[in-house]
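Below, each value reflects all heavy atoms present in this structure, side chains not excepted, and no hydrogens, waters or symmetry copies.
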Amino acid sequence: MKETVLRENKDFRTLYYHGASFVQPSLIVFARKNRLPYTRTGITTGKKVGKAHRRSRCRRVIRAAYRELAPRVKAGYDLVFVARTKTAFVKSTELEKTMETALRRLGVLAS
């Protein structure tokens with residue numbers, strides 16, 4: 001399954017305004033159907049999360065958690081994961097459970 005990364009600001013903005021979201025203490029997930037045969041993902045970490053090393057850790061943890069769930073994600077969606085201040089202090093296995101709940105509620109995860 002092909003996966004690409006969202007990089008354009010317009011794609012992120014479209015997802016924020018027109019996509020469905022699920023908020024949890026350690027992660028926010030936005031999802032929206034795209035008209036492509038593959039899933040695109042993006043990760044954002046704001047300065048509120050902390051200094052550069054903490055934001056980098058958040059991105060690594062989110063990527064590791066998503067990597068485990070990626071084979072079960074339905075094709076044809078845009079996903080954005082937004083790190084929160086608690087993201088830096090959780091392990092990827094914990095975040096994986098959180099992410100699985102969010103993706104299931106948004107209807108993106110195949111059973």
**Prompt:** Does L109 share a hydrophobic cluster with V80, counting links as ILVMFWY side-chain heavy atoms below 4.5 Å and allowing steps through other members?
**Reply:**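 In one cluster with L109: V80, no.
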**Asked** Is it true that L69 and Y77 fall in one hydrophobic cluster, defined by side-chain heavy atoms closer than 4.5 Å?
**Response**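 As far as the 4.5 Å side-chain criterion goes, Y77 and L69 are connected within one cluster.
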Look at the side chain of [X] and the backbone N and O of [Y], then say whether any donor-acceptor pair between them is shorter than 3.5 Å.
X   : Y   : result
T87 : S26 : yes
D11 : L6  : no
R55 : G50 : yes
T39 : K74 : yes

**Charged N-O contact under 4.0 Å between E100 and R72** = yes
**Asked** Is R40 salt-bridged to D78, cutoff N-O under 4.0 Å?
**Response**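 Salt bridge present between R40 and D78.
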**Request:** Classify the ring geometry between Y16 and F30 as parallel (under 30°), tilted (30 to 60°) or perpendicular (over 60°).
**Result:**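 Judged by the thresholds at 30° and 60°, the geometry between Y16 and F30 is perpendicular.
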**Prompt:** Do R63 and T41 have side chains that get closer than 4.5 Å, going by heavy atoms?
**Reply:** no
**Message:** Is there a side-chain contact (heavy atoms from CB on, under 4.5 Å) between F22 and L27? Walk through the geometry before answering.
**Reply:** CA-CA 8 Å; F22 190 76; L27 186 71; over 6 Å; no
Closest contact, heavy atoms only, [X] versus [Y]:
X   : Y   : answer
R32 : G19 : CB-CA, 4.0 Å
A64 : S92 : CB-CB, 3.9 Å
L79 : A31 : CD2-CB, 3.7 Å
I62 : I43 : CG2-CD1, 3.7 Å

**Asked** Should E68 and T93 be marked as a side-chain contact (heavy atoms from CB on, under 4.5 Å) after you check the CA-CA gap, both sets of side-chain angles, and the distance that decides it?
**Response** CA-CA 9 Å; E68 296 297 318; T93 52; over 6 Å; no
**Prompt:** Which of these, R59, R54, R57, sits in a side chain to side chain donor-acceptor pair (under 3.5 Å) with T45?
**Reply:** R59
